[in-house]
Protein chains: 2
Amino acid sequence: MATMHDVARLARVSVSTVSYVLTGTRPISQATRDKVLAAVAELDYQPNAMARGLASRRSRILGLLMPMDERGLGATETAFVTGAAAAASAGGYHLVLSPVGGGDLDDLRRLASQRMLDGVVLMEVQLADERVTVLQEAGTPLVLIGRTGDTSTLSYVDIDFEQTVREAVAHLVGLGHRSIVYVNHSAATLASGYGPALRTRDAFVAAMAGHGLEPVMIPAEDSAAGGRAALAAAFARAPELTAVLAMNETAIFGILGELTGRGLSVPHDVSVVSMVTSPQVAELATPALTAMTSPGSAMGRIAIEALLRHLDGPGDERHQQLLPCALEVRGSTAVPRRPAQDAPGRSPTDGG
Amino acid sequence: MATMHDVARLARVSVSTVSYVLTGTRPISQATRDKVLAAVAELDYQPNAMARGLASRRSRILGLLMPMDERGLGATETAFVTGAAAAASAGGYHLVLSPVGGGDLDDLRRLASQRMLDGVVLMEVQLADERVTVLQEAGTPLVLIGRTGDTSTLSYVDIDFEQTVREAVAHLVGLGHRSIVYVNHSAATLASGYGPALRTRDAFVAAMAGHGLEPVMIPAEDSAAGGRAALAAAFARAPELTAVLAMNETAIFGILGELTGRGLSVPHDVSVVSMVTSPQVAELATPALTAMTSPGSAMGRIAIEALLRHLDGPGDERHQQLLPCALEVRGSTAVPRRPAQDAPGRSPTDGG
DNA sequence: CTGAAAGCGCTAACAC
DNA sequence: GTGTTAGCGCTTTCAG
């Protein structure tokens with residue numbers, strides 16, 4: 001394994017000159033630059049990451065802290081990771097994915113204190129997230145995916161849940177649906193302060209109110225069984241429902257299963273829209289799901305770019321940005337077959 | 001940020017003593033050890049990873065190279081990652097997940113040459129995998145998940161596809177199924193030399209032959225549509241089929257959808273077994289799928305432990321191990337309703 | 001525009 | 001059982 005010394009000797013220059021050519025931190029004449037690069041190529045020289053990191057106090061490693069629960073990483077998160085990795089690579093950084101679960105806060109503290117990470121992107125941020133505290137104490141530059149309760153001081157990228165819900169509701173209302181049920185995450189998740197669940201809940205209430213409609217909301221466990229139970233609850237609460245808006249990517253399969261089990265057809269009896277969903281998952285269902293597609297890879301890229309700006313710049317500027325999901329209409333939404341139920345017996349389709 | 005120097009001064013010992021206490025590389029009296037540890041605690045000292053790495057020529061970082069394609073990480077892979085991370089952590093190593101796709105071989109070469117990784121676990125190994133070559137050239141210790149074509153020289157952990165298929169077939173045959181169709185990955189995937197697809201194919205032929213049955217095999221694209229198409233093809237080839245064994249976790253939802261679409265009930269008309277599947281995915285379907293559950297977290301742990309042994313030991317010993325998937329019976333398999341078709345009109349259930 | 005040399009914070013001989 | 005010290009391979013002053 002060639003060192004910088006070898007390169008310097010071969011090029012007949014000093015080690016510092018080699019270093020300056022490689023890092024570009026000071027002007028070098030074209031002639032010596034060529035000599036050095038030729039030597040680098042000849043020896044197939046690769047700078048030693050540890051030595052570079054020690055001397056420069058920069059590891060050129062960025063951490064992406066993602067929750068690795070039993071559920072696995074959905075296509076949405078994967079797109080996110082891919083976008084982030086590409087952006088990091090473009091900036092000359094490595095991106096390491098750290099599967100730190102909720103429990104190992106000490107592990108995170110160690111990682112941060114060991115100066116192994118120049119900066120960190122935090123996924124699945126809770127409204128009150130201890131990881132943020134730990135990292136701030138360690139002085140690690142930070143960008144969030146999602147938002148904590150107090151959004152004022154930190155940089156973040158998040159989904160624009162308000163607009164996303166508004167669009168989804170508008171799509172359904174535009175098709176003629178009047179009784180729309182919102183299936184959220186579980187009550188426990190809501191109670192734990194999971195931002196997306198809370199924000200979409202509020203947004204749904206607001207969006208429905210904007211159309212003069214009654215918002216019906218049902219929590220669901222993150223499982224197919226949870227989805228089935230939620231749908232049963234939904235029919236109990238709103239027998240006339242013609243559309244389901246589901247925030248719960250896991251429960252959606254249970255919802256579809258239960259619908260089929262009741263002899264109801266999707267989309268003709270009941271339309272279904274899945275929130276914050278990747279095309280891959282949407283295509284898994286039969287029929288393919290109309291969904292609000294999350295801006296996965298864009299979010300990853302933007303988060304990393306913001307982080308890199310923090311590392312270079314003075315660090316006092318924050319980057320705060322919201323991105324909406326895009327409506328992609330597939331086979332699970334249609335004009336309701338049953339007449340609108342808010343005025344039973346008098347709906348237009350009833351008179352034809 | 002305290003350095004080892006600070007600790008040494010506070011404890012009134014030399015830096016090397018601090019180092020030896022921390023690394024345990026040479027005996028230290030209980031008294032000085034206590035002094036040192038007290039100082040470490042008081043200063044909240046954390047060794048600098050870069051400095052340690054440079055001096056010891058060991059980063060204490062292990063890489064887990066996983067393919068990040070559009071599909072995302074299934075629960076199976078996630079379990080794997082979790083098991084690996086736990087094992088690495090237990091050994092005092094960090095585990096970084098590197099989402100190097102198939103394309104960025106240069107990226108991989110750079111990673112390896114920069115001495116940032118002490119060793120690497122490779123997921124989703126192809127029968128001919130260039131990454132193996134690159135890493136071997138860089139002299140990076142290596143453990144594979146899966147096997148290359150030539151299994152002789154490398155350490156690997158893989159699923160015992162032969163036994164897994166045998167068990168799955170035995171389960172179905174035991175229930176009374178005689179016409180079983182195997183839905184594999186796509187023809188393109190098979191042609192590309194994807195080990196699991198090839199090995200399970202051969203194992204299926206062998207297992208069916210062992211029962212005196214005819215193996216019918218259908219390729220399927222990795223999508224719900226692919227699953228639907230495959231099922232249609234299966235009925236065209238074997239109209240009497242009563243069971244489907246599916247290797248394709250993505251297509252399985254299409255298979256179920258098409259079955260339902262044809263008015264066939266699972267499991268009474270057609271039984272379905274999903275191969276190498278996580279409980280989470282199996283529970284997503286309605287009914288929940290009888291599946292061969294992959295030994296995800298065990299494989300991750302075993303792979304890392306083998307890698308750690310390589311790092312410490314002389315390095316000439318290989319670890320080669322196969323783990324079978326476990327049959328978990330859920331709601332998608334049952335005794336066939338239709339009589340066995342290999343002897344039409346003369347089957348036992350027919351005569352009753 | 002280039003070189004010499006002093007570290008970065010730690011490990012691991014080498015002394016005693 | 002403990003201390004001294006020479007590096008690990010690079011970056012970055014400080015000189016010129």
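Here the structure is a predicted model, which means the values were calculated and not measured.
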Any heavy-atom pair between the side chains of [Y] and [X] that's under 4.5 Å?
{"X": "Val21(A)", "Y": "Lys35(A)", "answer": "no"}
{"X": "Leu308(B)", "Y": "Leu62(B)", "answer": "yes"}
{"X": "Val120(B)", "Y": "Leu108(B)", "answer": "no"}

[X] [atom1] - [N] [atom2] separation (whole Å):
{"X": "Arg115(A)", "N": "dC10(C)", "atom1": "CZ", "atom2": "C1'", "value": "16 Å"}
{"X": "Asp34(B)", "N": "dG1(D)", "atom1": "CG", "atom2": "P", "value": "14 Å"}
{"X": "Asp118(A)", "N": "dC8(C)", "atom1": "CG", "atom2": "P", "value": "19 Å"}
{"X": "Asp6(A)", "N": "dC8(D)", "atom1": "CG", "atom2": "P", "value": "11 Å"}

Q. What one-letter contact string describes nucleotides 9-16 of chain D from 5' to 3', where B marks a base within less than 4.0 Å of any protein heavy atom, S marks contact via sugar-phosphate atoms alone, and - marks no contact?
A. BBBBBB--

**Q.** Point-to-point distance, once rounded to the nearest 0.5 Å, from CG of Asp44(B) to CD of Glu137(A)
**A.**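 It comes to 9.5 Å.
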
Q | Gap separating the CD atom of Gln114(A) from the CZ atom of Arg52(B), nearest 0.5 angstrom | A |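 Taking CD in Gln114(A) and CZ in Arg52(B), the distance rounds to 7.0 Å.
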
Q: State which residues pass side chain to side chain contact (heavy atoms under 4.5 Å, CB included) with Gln320(B); sequence neighbours excluded, sorted by chain then number.
A: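 So Gln320(B) forms a side chain to side chain contact (heavy atoms under 4.5 Å, CB included) with Tyr156(B), Arg318(B).
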
